[in-house]
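Notes follow once the structure below has been shown.
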Amino acid sequence: MGGLRFYNTMTRSLESFEPLEQDHVRMYTCGPTVYNYVHIGNLRTFIFEDILRRTLQLFGYRVTQVMNLTDVDDKTIRDANAARIPLRELTDRYIEAFFEDIDTLRIQRAEHYPRATEYIPQMVELIKRLEAHGHTYRSGGSVYYSIATFPEYGKLSGVRLDKNIAGARVETDEYDKEDARDFVLWKAPKPGEPSWETELGPGRPGWHIECSAMSMSLLGETFDIHTGAVDNIFPHHENEIAQSQGATGQPFVRTWLHAEHLIVEGEKMAKSKGNFFTLRDLIARGYDPVAIRYLLLSVPYRQKLNFTFDGLHAAQQATERLANTLRRIETTPPAEEGSGCLSIDAIEAFRAAFRAGLADDLNTARALAALHTLLRQVNTALDHGGISGDVRTSLSHALNEADSVLDILPAHAGALPDEEATRIEALIEQRSTARQNRDFATADAIRDQLAREGIVLEDTPNGTLWKRKRQNPPEEK
RNA sequence: GGCGACGUGGCCAAGUGGUAAGGCAGGGGCCUGCAAAGCCCUCAUCCGGCGGUUCGAAUCCGCCCGUCGCCUCCA
């Protein structure tokens, strides 16, 4: 175990990772605000968190991951009101859609998905602790955090609020803050907004408090890793630190990891630019979820990821090639040990390179390069000496290990002799007979017919294989 | 105005002092009845530009040009 290195936003440096508990990592990953379908930018971050989680597991750690679901905020309230439905109905709908989407992308489930509205008592409790420590003030029925009482404020982001007021947009303050830099912990009730009766008075929570309350409730006052996208660094995570450490006096988080943004065709993704995509949009255009996953994980998380349809096409080709090679391995009988065979050394070199890539701050590009190199060696061996039974077992283990993190190889579907497959195989049988009789016209007619149905044939020394061709997405502009 | 990231072949991208991984696309060849799949060869004398440090830099320093992001609720 061990050997992992992560770039900690707090220290702005690469650090060796050691969890507080020897074999156990506790991490909090900022989740979605459930007022709409998640977009591919959100998913890039979730996939980074998935790779993080799986890498920790690969390196022997038990992981407890919490991902919050923000189900009360300005936008959820706005959209529920617009649709004239209860807030809960709106958020239930998009929570369900969220789980569908992460399943589609093979993102592993976290251990906990707390909803903000179910942690109101914990938030109130936390705010009371902050009050007891003198970090807050009340005004107009709201409770505010006084930045001036927390000297470390700004340490994570490097933002110095006193220095960048000029030029920044000046917010017209809807509430009554003493200082423009302060932020709200508890919002006074407003007409048309949900409100909770609490010891703080009626109202609803501010955005930042939920993450402090839920993370500490489920993971303890100090835990190992906190993640999100770069836009969360300021003010969200900065405020979380102020809230948590202001209340407990203990360090909040040991390692902060932040994913860079995804941009589209070189530009920030925005609904107004028409370059805004949800997972559902891409699936509807015929793209394969595994290709989308591949693309989103292929660029290391601290790099901006430029999402393009060319890139998605390339990802689709790459995943198809991986699948083809895997199929070759499975359908080729073991060879005798000999020259031209795949060596155990090649597999061990791959395992080392793959793990080294991930250990280096989740360098997925390096890990993928190692995988591609191995699979080329596999194909070369298959074309020449072959793969012996023993080597094949090791290969299989190594590939499973890699895919336990990447999850981009096709699932072993097993033999499923449904009617469709039976019919196709009967046609292939007819074609084989025709080929044996050198009746290529008939053979090709059968192949063409199947091709029109989206079935691709491959004649190999071990018989004719078939696969379903992925529907070719329409050309993008 | 403040803070920050980045600029490597047609596209994506690794590499942070020792002489350019990997993928996609392209070209040539092999295999095949023809395909498909796969393999082999090929594809950056060069890493935004100009200086500097060094025996040696894509990698360190300075300046310039360019792109992108954050600056109170956007992952």
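Letters A, B, ... are given to chains in the order of the sequence lines, protein chains preceding strands, and every chain is numbered from 1.
- Residue A:Pro235 has its side chain nearest to B:U72 when only B:A21, B:U72, B:A37 are considered.
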Can you pull every protein N or O that's under 3.5 Å from an N or O on nucleotides 29-33 of chain B?
residue, atom, partner, partner atom, Å
B:G33, O6, A:Arg435, NE, 3.1
B:G33, N1, A:Asp444, OD1, 3.0
B:G33, N2, A:Asp444, OD1, 3.4
B:G33, N2, A:Asp444, OD2, 2.6

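- Contacts of A:Pro189 classified as side-chain contact (heavy atoms from CB on, under 4.5 Å), with partners at least two apart in sequence or in another chain: A:Ser195, A:Pro202.
- Residues satisfying the side-chain contact (heavy atoms from CB on, under 4.5 Å) test with A:His112, not counting sequence neighbours, are A:Thr64, A:Val66, A:Pro114, A:Leu218.
- Within 4.0 Å (heavy atoms only), A:Arg376 reaches sugar-phosphate atoms of the nucleic acid but no base atom.
- In this structure, of B:C70, B:G38, B:A36, it is B:C70 that holds the atom nearest to the side chain of A:Lys268.
- Both distances falling under 3.5 Å, in either a Watson-Crick or a G-U wobble arrangement, place B:C30 opposite B:G38.
- Side chains of A:Leu282 and A:Phe307 form a contact here, defined as non-hydrogen atoms less than 4.5 Å apart.
- Distance CD1 (A:Ile329) to P (B:C39): 12 Å, rounded to an integer number of Å.
- In the model, A:Asn232 has no side-chain atom that pairs as donor or acceptor with a side-chain atom of A:His258 under 3.5 Å.
- Of the side-chain N and O atoms in A:Arg321, none sit less than 4.0 angstrom from OP1 or OP2 of B:A25.
- Close to B:A36, at under 4.0 Å from its OP1 or OP2, lies no side-chain N or O of A:Asn324.
- When the P atom is used for both B:C31 and B:C40, the distance is 16 Å, rounded to whole Å.
- Rounded to whole angstrom, the span from the CH2 atom of A:Trp207 across to the P atom of B:C74 amounts to 7 Å.
- Across the strands present, B:A44 finds no partner; the criterion is a Watson-Crick or G-U wobble pair with both atom distances under 3.5 angstrom.
- Base pairing of B:U67: its partner is B:A5, meeting the Watson-Crick or G-U wobble criterion (both donor-acceptor distances under 3.5 Å).
- Across all strands shown, B:C55 forms a Watson-Crick or G-U wobble pair with B:G18, both key distances being under 3.5 Å.
- For A:Gln245, the side-chain contact (heavy atoms from CB on, under 4.5 Å) criterion is met by A:Phe150, A:Glu152, A:Ile241, A:Phe252, not counting sequence neighbours.
- Taking the C1' atoms as reference points, B:C47 lies 34 Å from B:C30, given to the whole Å.
- Comment: A:Asp407 does not engage A:Arg293 in a salt bridge, judged by the lack of any side-chain N to carboxylate O separation of less than 4.0 angstrom.
- Ring geometry for A:Tyr137 against A:Tyr144 counts as parallel: the plane angle stays under 30°, on a 0 to 90° scale with 60° as the upper cut.
- Counting non-hydrogen atoms under 4.0 angstrom, A:Gly357 reaches nothing in the nucleic acid.
- Look at A:Asn232 and you won't find any side-chain N or O under 4.0 angstrom from OP1 or OP2 of B:A75.
- A:Thr380 has a side-chain polar atom (N or O) that falls below the 4.0 Å cut-off from OP1 or OP2 of B:C40.
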Original post:
In the 5'-to-3' direction, what one-character label does each nucleotide of nucleotides 11-20 of chain B receive under the scheme B = base within less than 4.0 Å of a protein heavy atom, S = sugar-phosphate only, - = no such atom?
Top reply: --SSS-----

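- With RNA chain B read from its 5' end, the first of the two nearest nucleotides for A:His384 and A:Asp231 is the one closest to A:His384.
- Side chains of A:Thr29 and A:Arg53: a donor-acceptor N/O pair is absent below 3.5 angstrom, by distance only.
- Using modelled atom types and a 3.5 Å distance limit, the side chains of A:Asn42 and A:His39 yield a donor-acceptor pair.
- Between the CG atom of A:Leu371 and the P atom of B:G22 there is a distance of 13 Å, rounded to whole Å.
- For A:Arg44, there are no salt bridge (charged side-chain N to carboxylate O under 4.0 Å, His left out) partners, not counting sequence neighbours.
- Nucleic acid contact class of A:His236 (heavy atoms, under 4.0 Å, all strands): none.
- Distance from the side chain of A:Met269 is smallest for B:A75 among the nucleotides B:C74, B:A75, B:A21.
- Atom CD in A:Glu265 sits roughly 15 Å away from atom C1' in B:U67 (whole-Å rounding).
- A perpendicular orientation is assigned to the rings of A:Tyr37 and A:Tyr94, their planes being inclined by more than 60° (bins at 30° and 60°).
- Here the side chain of A:Thr373 is nearest to one of B:C39, B:C70, B:G22, namely B:G22.
- In this structure, A:Glu458 and A:Asn42 both approach RNA chain B, and ranking their closest nucleotides by distance from the 5' end singles out A:Glu458.
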